[in-house]
Structures are given as C-alpha cells and as structure tokens.
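Scope of the values below: all heavy atoms of this structure, side chains included, with no hydrogens, waters or symmetry mates. To find a chain, count down the sequence lines: A is the first, B the second, and so on, and within it residues start at 1.
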There are 2 protein chains.
Amino acid sequence: MKTNRLDTADADFDERLGRLLDRAPTQDPQVTQAVERIVSDVRTRGDAALLEATNRFDRSAWNSAAQLELGRAELEAAWLGLSAELKAALEQAHARIRAYAERQPLQPFEFGDSHGNRLGQRITPLDRVGIYVPGGKAAYPSSVLMNAVPAKVAGVPEIIMVVPTPNGETNAAVLGAAYLAGVDRVFRIGGAQAVAALAYGTQSVPAVDKIVGPGNAYVAAAKRIVFGQVGIDSIAGPSEIVVISDAGSDPRWIAMDLFSQAEHDEDAQSVLISPDAAFLEKVSDAMDERVTTLPRHEIVRASIGNRGALIRARSLEEAVDVSNRIAPEHLELAVDDPRALLDRVRHAGAVFLGRHTPEAFGDYCAGPNHVLPTSRAARFSNPLGVYEFQKRTSLIECSPDGARVMAKIAGTIADAEGLQAHAASARDRA
Amino acid sequence: MKTNRLDTADADFDERLGRLLDRAPTQDPQVTQAVERIVSDVRTRGDAALLEATNRFDRSAWNSAAQLELGRAELEAAWLGLSAELKAALEQAHARIRAYAERQPLQPFEFGDSHGNRLGQRITPLDRVGIYVPGGKAAYPSSVLMNAVPAKVAGVPEIIMVVPTPNGETNAAVLGAAYLAGVDRVFRIGGAQAVAALAYGTQSVPAVDKIVGPGNAYVAAAKRIVFGQVGIDSIAGPSEIVVISDAGSDPRWIAMDLFSQAEHDEDAQSVLISPDAAFLEKVSDAMDERVTTLPRHEIVRASIGNRGALIRARSLEEAVDVSNRIAPEHLELAVDDPRALLDRVRHAGAVFLGRHTPEAFGDYCAGPNHVLPTSRAARFSNPLGVYEFQKRTSLIECSPDGARVMAKIAGTIADAEGLQAHAASARDRA
C-alpha cells in the first residue's frame with residue numbers, strides 16, 4: 001500500500017518531514033464571501049433568513065421557524081428507540097467522560113495581604129453555550145457527549161445544540177446522545193446560518209456566549225467571522241495520529257490504529273515511527289492485508305498514500321523528538337515502558353500509553369475529551385475541558401490602610417507612564 | 001462637561017444603551033493588506049525583510065539584524081538607571097503580581113478506574129513565548145510585568161520580548177521592567193514585522209509558540225493573520241470601566257476613576273451608574289473641576305463626550321443588571337457593602353470592591369492581571385493568567401483487563417457511527 005517512507009538518517013529527512021507536515025491555507029475566499037453574506041443576512045433578518053437558508057441548503061420546506069426546534073419529547077423518543085446495546089455503551093461513555101471532567105473544574109480562591117487588602121479569583125460558568133453538531137454522514141453521538149458533558153460539569157445553565165437535518169433526515173443516535181447529556185434545546189439547523197443564529201440570536205434561537213463543536217469549511221469560516229461577538233473553540237484541522245512502536249507490538253493492531261485515523265477523511269494524517277525497520281515492513285504488510293476489510297478503504301488509501309508515513313528512527317528517544325516536531329493531536333506510545341518515554345514528550349493533545357490503549361478508546365469512552373488541538377496547535381493549545389466553559393473574574397478589595405500602600409506604588413508607576421489621572425485616582429485614596 | 005445621560009426609566013433606555021455599546025468593526029481592509037505583505041515578506045526573507053521594515057517604520061538605520069537585539073547588560077543598565085522610588089515601586093508591584101499568579105497554576109491529576117485503567121492530565125509550560133510591548137508614547141513598564149510574570153510562574157523557559165524603538169528612542173522603565181521580570185531576550189522591533197518574526201522565526205529571532213501583549217491596529221491585524229501558526233491572546237479593544245456608586249462615595253474620587261479610563265484614548269469607555277440623581281450631578285460637577293488639572297484633558301473630554309455615560313438606575317441591583325449587559329473589563333462597586341452586590345455580577349473582567357479600591361490599583365500593583373477581556377468578551381473570556389502559558393495533555397493508559405471493557409463500549413459506538421477501523425482497532429484489544 002502506497003505511503004511515504006522516511007528515515008531520520010537520510011540527509012533530506014528534515015526537508016521531507018517539513019513537506020509532509022505543510023498545509024496549504026484552508027481558507028477559500030469564495031467560501032468566506034458566501035459565508036459573510038449568510039451571516040450578515042441572518043444577523044439582519046433573523047428567523048426569516050434562517051428559515052430560507054435552512055430550506056435551501058438542507059433541501060427542506062419548513063413554513064415557520066417554530067418547526068426548526070426539536071422538542072424534548074422527540075429527543076426522548078430518539079433515545080428510547082436506540083438499541084439496548086448502544087444505550088448501554090453511550091451511558092457508560094457518558095459516565096466516564098463525566099468522571100474525568102469532574103476532576104477539572106477550576107476552584108475559586110481568595111487571600112489577604114499584610115495590609116488588609118483582599119485578592120481573589122471568582123469562577124463562574126458561562127451563561128449559555130451553543131454546540132454545533134454536523135449532520136448527515138458525519139453525525140457522531142460521541143461528539144455530542146464530548147462537547148456537552150464538560151459544559152454541564154462546568155454548570156452552564158443552558159446548552160443549545162444545532163444539528164442540520166439534510167433532506168429531513170434526523171440521526172437518532174445524535175438526538176439520543178443529546179437527551180442523555182441533558183442538552184436543553186435542539187434546533188435542526190446547520191451551516192453558517194446556524195452559527196450566525198447562535199452568535200446574534202434570532203426571534204426563535206437564543207444568542208449564546210460561546211460556540212463549540214466541529215463543522216465543515218462553511219461552519220469554520222462562520223466561526224471565524226463571529227469570533228469576538230461570541231467565544232469559539234479552536235478551528236479544527238484534519239485529524240492526526242503519531243504511533244511510536246518498538247518491535248514488540250502486534251503489527252496488525254498498529255496497522256488498524258493508523259487506519260482509524262485515516263478513515264476520517266483524505267486529509268487525515270497517520271504516522272508510524274519505529275527504530276525497527278523490519279517492524280515497519282510488517283506493519284506495511286498488515287496494512288495491505290487489513291485495508292481490504294474496510295468499507296471506507298478508498299478514503300484510507302488516499303489518506304495513507306498522501307499524508308501518511310512510516311518513519312524509521314535511530315531510537316525510541318529520537319522517535320519522540322520527531323513526534324515533538326509534529327506536535328500531534330494523538331500520540332500512541334506502543335512500547336513496554338511508555339512512562340519512560342513520556343517525560344520526553346513535549347507536545348501532544350492526548351497520549352495513549354502502552355500497547356493496550358488504541359486511540360479509539362479516547363475517541364469514545366476512556367474519559368478525556370476527544371476534542372484536541374490539531375495542526376501543531378498542541379504546542380500552545382488544549383483539549384476541550386471544563387475550563388473552556390468557565391470564566392474567571394479577578395477580585396480586589398482594599399482596606400483604607402491597604403489603599404494607602406497601593407496608592408504609593410500605583411502613583412509612582414503611573415507618573416513614570418505619564419498617566420496622570422491614574423496617579424490622581426490612586427492618590428485620592430492615600 | 002459633555003457626556004451621555006441615560007435613565008433606566010426612560011422608554012428608549014435599551015436602545016440608547018445599545019447604541020452606546022455598539023462598535024463599528026475595527027478591521028480596516030487597507031491595514032490588513034499592508035500587514036499581509038509585511039508578514040509574508042518577513043516569513044519568506046527573514047532577517048533581511050525584518051531589518052528593512054524596522055528601518056523604514058521606526059526611522060532607524062541598522063546595518064545588521066544583530067543590532068536589533070538588546071543585550072542583558074543594556075537591560076541591567078536601564079534598571080540601574082531608574083530612580084530609587086520607581087525601582088521600589090516596580091519591585092513591590094512585581095512581588096504582588098507574582099504572589100497572585102502563584103495561586104493560579106493548574107495542577108496535574110491522575111486516577112484509576114475499577115478496571116485497572118489510568119487516566120490523567122499532564123500540565124507543562126509552553127516552550128517559548130513572545131511578549132509584544134508597544135513603543136514610543138504608550139510604552140508601559142506595567143504591561144511588561146503583567147505579561148511576563150504569569151509566563152515565568154508557569155515555568156516558560158524562554159521569554160522573548162519585542163519593543164519598537166522609534167527614532168532609536170528606548171524607554172528605560174520598559175527595559176528595566178524586562179530586567180526585573182527576567183525576560184530572556186529583547187529585540188528592538190515592533191509592528192507587523194515583529195509579530196511575523198516571532199511567529200515564523202528569522203535567522204536572528206527565534207520562533208515562539210504564543211504571542212501576547214497589546215498593540216496598535218497593525219499589530220492586531222498581524223496577530224489575526226499568524227493565529228493558528230502560534231497561539232495569541234485576545235485581540236484587545238478599547239478599555240472600559242463601569243463604576244456603580246451610591247451617594248456615599250466622594251464625587252471627586254469617582255470623577256477621577258472615570259478619567260483614569262478615559263485618558264487612555266478617545267475610544268475608551270467610562271460609565272457611572274447610580275440610583276441617586278443628585279450624586280450623578282455632583283460627579284458631573286467634579287468632572288468639570290478636575291479635568292482641568294489633567295495634561296491629557298483633550299483625550300479625556302473626547303472619550304467622556306463620545307462614549308462615556310452617567311446612568312441613573314432605579315436601584316443598585318438594577319445598576320448591576322445594566323453592568324451585566326455591558327460586561328465591562330473593569331467594574332468598581334463603590335458602595336458600603338460591595339459583597340452584597342457581587343453575587344449579582346455575572347460578567348466583568350475584574351471587580352474592584354469598595355470605595356478604597358480604584359481601578360488604578362489593579363492596573364499596577366494589586367496583584368491580579370491588568371490584561372482583561374474587553375468589548376463584552378467578559379461573557380466568555382478571561383483575565384490573562386498562568387493558565388494561558390500552560391498546556392494540558394490528556395493521558396490514557398489501559399490495562400489488558402481494562403482494555404476489554406473499553407473495547408466493548410468503543411466498538412459499539414464506532415459501529416453506530418459507521419467508523420469500522422475505529423471499531424476494529426478497539427476490538428483488537430478485546
């Protein structure tokens with residue numbers, strides 16, 4: 001099966017790795033222009049524009065905006081209609097995602113200084129958040145749980161979900177997951193029009209304070225436009241996995257781990273790094289064998305062929321150094337002693353330790369969030385968590401004595417900065 | 001003195017408040033185009049482009065990029081040259097900002113489930129960050145401390161500061177503050193060219209993982225362009241203060257608190273809300289009297305006239321509700337019992353409690369960061385803190401037994417999502 005083969009000992013390794021990681025800019029000016037029109041229309045005309053865009057893009061024929069909301073009874077019916085096995089799996093995943101999120105919330109603090117001043121940090125949930133869930137083929141109940149659960153744990157009082165239903169098709173697993181997660185309201189809208197409705201509000205859709213969740217190029221462009229009016233999560237790029245393995249792993253397992261990333265889309269990136277050349281060949285053989293079992297084998301072949309790589313490194317340590325340069329969304333350490341390598345790992349959204357921890361566990365049920373930084377953003381960005389649904393407020397409360405101390409410091413620095421009103425305001429309290 | 005006067009009892013109050021808060025979009029297409037050229041040039045040609053742009057925009061005549069770096073000795077000399085009073089004030093401010101930041105860092109966690117799986121969250125500092133410090137008139141040592149200290153407390157090993165020196169003028173207080181805060185390297189560059197150099201690296205300037213700090217429209221446009229390549233802090237808008245006061249405050253103090261915001265620039269917003277109409281008049285009189293004492297009185301008059309407001313509310317509680325709608329960067333509660341109102345406050349970057357706590361204390365030395373969300377972003381965004389210089393990595397480590405439990409859950413949901421490689425990868429471990 002066609003893929004890229006690299007060796008860290010080759011003179012052109014750095015250059016070839018650089019090319020493999022390079023992404024063309026993903027913002028299409030035509031998409032941006034179209035989205036600007038839609039966002040502006042929904043902002044100005046509200047429900048009327050939302051209804052028109054929805055009927056047009058999702059090929060529906062709703063007469064009124066009221067029809068765009070799915071009631072609690074419909075969500076419950078969707079949940080009850082799922083198989084017992086799927087319900088059990090979603091419930092277990094939900095409980096595990098929740099248990100992990102419950103370790104996260106920021107705690108408030110407050111303390112006093114020796115002058116009687118009090119300083120603190122208050123933590124409160126956001127008032128209302130929107131969750132964008134893609135519709136159609138890529139409609140994933142796991143994404144509903146991963147976006148809604150940390151918001152619930154943060155204490156967000158109102159969670160609004162939007163999910164397009166192209167050709168009127170609803171996805172029962174997605175609606176069931178929304179029921180399970182306690183999503184408050186669900187609208188069957190999508191695309192740029194849904195993002196605009198959440199950002200500015202319409203007569204029917206309430207304006208939110210933050211919009212999270214993945215989407216296509218139109219959704220990403222709309223999120224960029226409304227950023228500032230509302231908060232957004234990161235703009236997700238194609239998914240990535242780096243697997244570091246010695247010869248002790250089952251090559252068939254590693255092949256399928258690479259495929260689990262590649263099956264998402266042609267731009268997904270699957271990279272295996274090993275110090276063992278023979279092992280890389282065994283994985284290559286296993287890929288040839290196992291790809292034939294997959295319904296999505298064409299996507300897998302395209303992704304592995306264009307953006308995948310088998311990389312031989314001189315050592316496991318060097319393999320980690322290469323991974324740090326990639327700063328992948330997912331990193332598997334399929335070795336006997338993954339903890340020995342972990343300290344060397346500098347950049348990764350999530351690390352999967354040991355041979356029994358495939359990335360797929362993290363996608364669904366291990367507990368940590370599957371919304372992770374892509375495109376090297378793991379150097380500076382974070383997995384989605386409870387933190388993203390909380391906000392901090394600084395608190396300062398000075399005593400008359402403490403204010404005298406503050407006035408002297410603030411006055412002196414304000415003078416140096418040439419800000420006389422600051423200085424006077426400070427010294428009024430001296 | 002001219003300002004806007006509103007009353008919550010007026011029929012057109014909501015509309016007038018909305019107009020007062022409304023901002024025209026701040027992205028000038030001509031600025032964006034010019035910045036795109038500069039960023040692209042520095043990205044492609046590195047030091048040569050950086051040197052040309054610096055000489056052109058800062059009216060300097062450096063011959064080589066090596067001259068753009070200020071050495072440790074120059075920073076130390078700047079520090080030693082400051083007055084004893086200013087050094088003492090900066091040292092006290094530094095210690096207080098540090099003491100507050102030291103309460104913030106996220107702690108890692110790890111826990112096990114009943115199946116022998118381990119789940120965790122690792123916390124590490126960013127590798128290298130850039131701090132943008134404006135030069136010329138608006139060069140503020142306090143901004144150096146507020147941006148550098150949380151990065152230091154987070155454990156960032158390398159902090160790179162850029163500060164333009166137009167006409168070759170350096171600001172001793174800014175360089176001294178960089179020395180005090182332990183900034184690692186300082187380059188005398190600014191504008192879009194400095195942001196591009198930090199984002200992509202040049203032969204002389206190392207690429208960083210995140211860029212923080214305020215700047216003019218060119219800097220803001222450049223930060224928007226490089227966002228994704230590196231992390232950025234929020235794009236700051238004009239500064240804002242809301243003061244809520246009853247009749248018990250000294251009107252002269254409140255007048256100067258409003259001015260301390262207004263003196264920043266003509267777009268700054270200063271709003272006083274009080275249930276006492278007579279008190280509002282007294283503050284208005286005090287403003288007339290005290291504005292004449294300020295060298296920056298023209299800026300103050302413009303800001304208070306265009307964007308400022310004196311608002312009468314029916315009660316202190318209603319005053320808080322109006323403030324929540326504004327979601328201000330700074331909120332002063334100049335009342336006897338500010339804690340009684342605090343629970344009602346939903347959105348504010350920082351709250352200043354009581355009559356002895358002017359915003360100026362928070363700008364310089366109280367301890368909490370002065371980099372705060374503006375333009376209603378306090379609904380979803382945060383003060384700059386240690387968190388912004390750390391990153392989280394999720395950890396998952398399954399035992400063979402635990403993997404069997406995970407495989408069943410993940411396999412079932414993957415089947416429902418039509419992702420067969422995910423399902424196979426999970427079930428390999430069953």
Side-chain angles (χ1 to χ4, degrees), chain A residues 85-86 89 92-93 100 103 109 119 126 140 142 173 209-210 231 253 256-257 259-260 263 294-295 348 350-354 356-358 360-362 364-368 379-380 382-383 391-398 400 403 406 409-410 412-413 416-417 420-422 424-426 428-429, chain B residues 85-86 89 92-93 100 103 109 119 126 140 142 173 209-210 231 253 256-257 259-260 263 294-295 348 350-354 356-358 360-362 364-368 379-380 382-383 391-398 400 403 406 409-410 412-413 416-417 420-422 424-426 428-429:
Chain A
E85 192 189 6
L86 183 55
Q92 290 171 81
Y100 185 88
R103 308 260 168 169
F109 62 77
L119 305 161
L126 303 198
Y140 298 143
S142 59
D209 298 303
K210 187 167 190 169
W253 292 12
M256 195 55 76
D257 293 354
F259 289 168
S260 75
E263 75 176 333
L294 295 175
V351 184
F352 301 79
L353 297 123
H356 285 83
T357 318
F361 290 175
Y364 292 116
C365 58
R379 292 176 298 126
F380 54 81
N382 294 298
K391 60 199 163 80
R392 299 175 259 125
T393 305
S394 304
L395 305 180
I396 306 173
E397 181 170 27
C398 291
M406 294 297 97
I409 306 172
T412 301
I413 305 178
E417 295 189 350
Q420 290 83 1
H422 283 69
S425 167
D428 278 346
R429 273 76 174 186
Chain B
E85 192 189 7
L86 183 54
Q92 290 172 82
Y100 186 88
R103 309 262 167 164
F109 62 77
L119 304 161
L126 304 197
Y140 298 142
S142 59
D209 298 303
K210 187 166 192 168
W253 293 12
M256 195 55 77
D257 293 355
F259 289 168
S260 76
E263 75 174 333
L294 295 175
V351 183
F352 300 80
L353 297 122
H356 285 83
T357 317
F361 290 175
Y364 292 117
C365 56
R379 292 175 298 126
F380 53 82
N382 293 298
K391 59 200 164 79
R392 300 176 257 125
T393 305
S394 304
L395 304 179
I396 307 172
E397 182 170 27
C398 291
M406 295 297 96
I409 306 172
T412 301
I413 304 177
E417 294 189 352
Q420 291 85 0
H422 283 69
S425 167
D428 279 344
R429 273 75 173 187

Approximate separation, where rounding is to 0.5 Å, of B:Arg379 CZ and A:Lys210 NZ: 12.0 Å
Could you tell me which non-hydrogen atom of A:Glu417 sits nearest to which non-hydrogen atom of B:Tyr140, and how far apart they are? OE2-CB, 3.3 Å
Is A:Thr357 reaching over with its side chain to a backbone N or O of B:Glu397, donor-acceptor style, under 3.5 angstrom? no
Where on A:Phe259 is there a heavy atom nearer than 4.5 Å to chain B: the side chain, the backbone, both, or neither? both
Where A:Cys365 and B:Ile409 come nearest, the two heavy atoms and their spacing: CB-CG2, 3.7 Å
Roughly how far apart are B:Arg392 CZ and A:Asn382 CG, rounded to 0.5 Å? 4.0 Å
Between the main-chain N or O of B:Pro295 and the side-chain N or O of A:Gln420, is there a donor-acceptor pair closer than 3.5 Å? no
How long is the span from the CD atom in A:Glu85 to the CD1 atom in B:Ile413, to the nearest 0.5 Å? 10.5 Å
Select, from A:Gly354, A:Ala173, A:Ala89, the one with the greatest count of heavy-atom pairs under 4.5 Å involving chain B. A:Ala89
Interface moiety of B:Leu86 toward chain A, non-hydrogen atoms closer than 4.5 Å: both
Looking at A:Ala424, A:Gly362, A:Gly367, which one has more heavy-atom pairs under 4.5 Å with chain B than the rest? A:Ala424
Hey, what do you get for CZ (B:Phe361) to CG (A:Leu119), rounding to the nearest 0.5 Å? 12.0 Å
Chain A heavy atoms under 4.5 Å from B:Phe352: which part of the residue, side chain, backbone, both or neither? both
Any idea which of A:Ala348, A:Ala416, A:Ala426, A:Cys398 has the most non-hydrogen atom pairs under 4.5 angstrom with chain B? A:Cys398
Spacing of CG belonging to B:Asp428 relative to CE belonging to A:Met256, to within rounding of 0.5 Å: 6.5 Å
Of all heavy-atom pairs linking B:Ala410 and A:Ala360, the shortest is CB-O, 4.1 Å
Taken to the nearest 0.5 Å, the spacing of B:Arg429 CZ from A:Asp257 CG works out to 4.0 Å
Considering only heavy atoms, which portion of A:Ala366 lies under 4.5 Å from any heavy atom of chain B: side chain, backbone, both, or neither? both
Testing the basics here: between B:Lys391 and A:Phe380, what is the closest heavy-atom pair and its distance to 0.1 Å? CD-N, 4.2 Å
B:Ser260 and A:Ser425: which non-hydrogen atoms are nearest, and at how many Å? CB-CB, 4.3 Å
Please name the pair of heavy atoms, one in B:Pro368 and one in A:Ile396, separated by the smallest distance, quoted to 0.1 Å. CG-CG1, 3.7 Å
